[in-house]
Amino acid sequence: MRILKKNGILNSEISKVLADLGHTDELIIADCGLPIPEGVRKIDLALTMGTPGFMDVMDAVVNDMKVEHIILAEEIREKNQAVHEQIISRMEKEGAGTSYLTHEAFKKRSAKAKAIIRTGEITPYANVILQAGVLF
């Protein structure tokens, strides 16, 4: 059963990915520097450096997706505290759990993502793995 969408995103590629997610499938929202593994679908929203921003994209996706858990790179805690705090604050409202991997392990894990949404974000380690939950 795939009842995972909550609202409506205008971007047809993102909307399709969200509609196709199953429980525990993973979707990544990434800064413009995260390497995209061969074979993983890339949805490139980057227009210019900084546009669109990571949090704008994450908020839009989370408004349309049930997220039960997120995974961040450990390095974000020290190297990008502002974005880290925004992510944690936003995801606590959703009731999502949080875990951390090294950035190298994060990049390896990205190979199993259903898709990676590339933003124009240019701050370090602004990447999140969103693990799909269910609405029931």
Side-chain angles (χ1 to χ4, degrees):
M1 180 179 262
R2 296 184 187 269
I3 305 172
L4 300 171
K5 282 180 60 67
K6 290 181 357 185
N7 294 303
I9 281 191
L10 295 177
N11 182 289
S12 61
E13 287 184 80
I14 295 172
S15 186
K16 172 78 169 121
V17 167
L18 293 177
D20 288 343
L21 289 175
H23 185 219
T24 73
D25 282 346
E26 294 178 355
L27 173 66
I28 296 175
I29 301 172
D31 60 30
C32 63
L34 187 72
I36 311 295
E38 186 84 24
V40 175
R41 183 177 184 175
K42 176 173 78 171
I43 301 172
D44 196 347
L45 302 181
L47 296 173
T48 60
M49 291 180 64
T51 305
F54 173 86
M55 287 306 301
D56 290 334
V57 174
M58 191 186 94
D59 283 342
V61 170
V62 170
N63 282 337
D64 205 22
M65 175 186 176
K66 175 64 178 167
V67 177
E68 72 178 16
H69 193 82
I70 65 167
I71 302 165
L72 301 166
E74 293 172 352
E75 294 86 346
I76 195 172
R77 293 185 213 186
E78 184 179 317
K79 306 283 186 181
N80 197 346
Q81 292 175 359
V83 170
H84 178 249
E85 290 171 8
Q86 290 175 61
I87 294 169
I88 296 302
S89 174
R90 176 66 163 98
M91 297 316 300
E92 282 178 350
K93 292 175 188 170
E94 295 293 316
T98 303
S99 59
Y100 297 86
L101 300 170
T102 66
H103 188 58
E104 285 305 311
F106 186 102
K107 290 190 289 187
K108 287 179 183 164
R109 181 151 180 169
S110 70
K112 74 176 228 171
K114 296 296 181 183
I116 298 176
I117 301 171
R118 181 176 177 250
T119 70
E121 186 69 37
I122 56 172
T123 64
Y125 306 104
N127 307 293
V128 64
I129 298 172
L130 304 173
Q131 190 176 68
V134 292
L135 294 173
F136 54 91

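Predicted model, so just to flag it, every value in this text is computed and none were measured.
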Apart from Met49 itself, residues in the same hydrophobic cluster as defined by side-chain heavy atoms under 4.5 Å: Ile122
dist Glu121:CD -> Thr51:OG1 (nearest 0.5 Å) comes out at 9.5 Å
Interatomic distance, OG@Ser99 vs CD1@Ile70, rounded to 0.5 Å, equals 8.0 Å
Indicate yes or no for a side-chain donor-acceptor contact from Asp56 to the backbone of Asp59 under 3.5 Å, with no hydrogens or angles considered. no
Shortest non-hydrogen contact from Ile76 to Ala126? CD1-CA, 4.5 Å
Side-chain contact test, heavy atoms from C-beta onward, threshold under 4.5 Å: evaluate it for Leu18 versus Val61 and give yes or no. yes
Counting N and O atoms only, with roles assigned by atom type, does the side chain of Thr119 sit under 3.5 Å from a partner on the main chain of Ala30, one being a donor and the other an acceptor? yes
What about Phe106 and Val67, same hydrophobic cluster or not, with Ile/Leu/Val/Met/Phe/Trp/Tyr joined at side-chain heavy-atom distances under 4.5 Å? no
Could you tell me how the ring of His103 sits relative to the ring of Tyr125: parallel (under 30°), tilted (30 to 60°) or perpendicular (over 60°)? perpendicular
Cluster link Leu34 to Leu27, ILVMFWY, side chain under 4.5 Å: no
State, with a plain yes or no, whether a side-chain heavy atom of Asp44 is found less than 4.5 Å away from one of Arg118. yes
Quick check on Leu47: does its CG atom have over 12 non-hydrogen neighbours (other residues, nucleotides or ligands) under 6.0 Å away? yes
Which pair of heavy atoms, one from Cys32 and one from Gly120, lies closest together, and at what distance? SG-O, 4.2 Å
Please determine whether residues Phe54 and Ile71 belong to a single hydrophobic cluster, defined as Ile, Leu, Val, Met, Phe, Trp and Tyr linked transitively by side-chain heavy-atom distances below 4.5 Å. no
What are the two closest heavy atoms between Val134 and Lys66, and how far apart are they? O-CG, 3.5 Å
What's the spacing between Asp25 CG and Lys114 NZ if we round to 0.5 Å? 4.5 Å
Consider only side-chain heavy atoms of I, L, V, M, F, W and Y, link residues closer than 4.5 Å, and tell whether Ile29 and Val40 are in one cluster. no
To the nearest 0.5 Å, what is the distance between OG (Ser15) and CG (Leu10)? 9.0 Å
If you look at every heavy atom in Pro124 and Asp31, which pair is closest and at what distance? C-OD2, 4.4 Å
Less than 4.5 Å apart, any side-chain heavy atom of Ile14 and any of Val17? no
Can you find a heavy atom in the side chain of Lys16 that is under 4.5 Å from one in the side chain of Arg41? yes
Distance col, row Met65:CE vs Gln131:CD, nearest 0.5 angstrom, shows 8.5 Å
Less than 4.0 Å between a side-chain N and a carboxylate O, is that true for Lys107 and Glu104? yes
Compare every heavy atom of Leu101 with every heavy atom of Glu75, then report the nearest pair and how far apart it is. OE1-O, 4.1 Å
Would you say Val128 ends up clustered with Leu45 if hydrophobic residues are merged whenever their side chains have heavy atoms under 4.5 Å apart, either directly or through other cluster members? yes
Do Ile87 and Met55 come close enough that some side-chain heavy atom pair is under 4.5 Å? yes
Are the side chains of Met58 and Ile117 in contact, using a 4.5 Å heavy-atom criterion? no
Heavy-atom closest contact (Ala113 atom, Ile116 atom, distance): CB-CG1, 4.4 Å
Measure the spacing between CD of Glu68 and CG of Leu130 and express it to the nearest 0.5 Å. 11.5 Å
Heavy-atom side-chain contact between Met91 and Val62 under 4.5 Å: yes
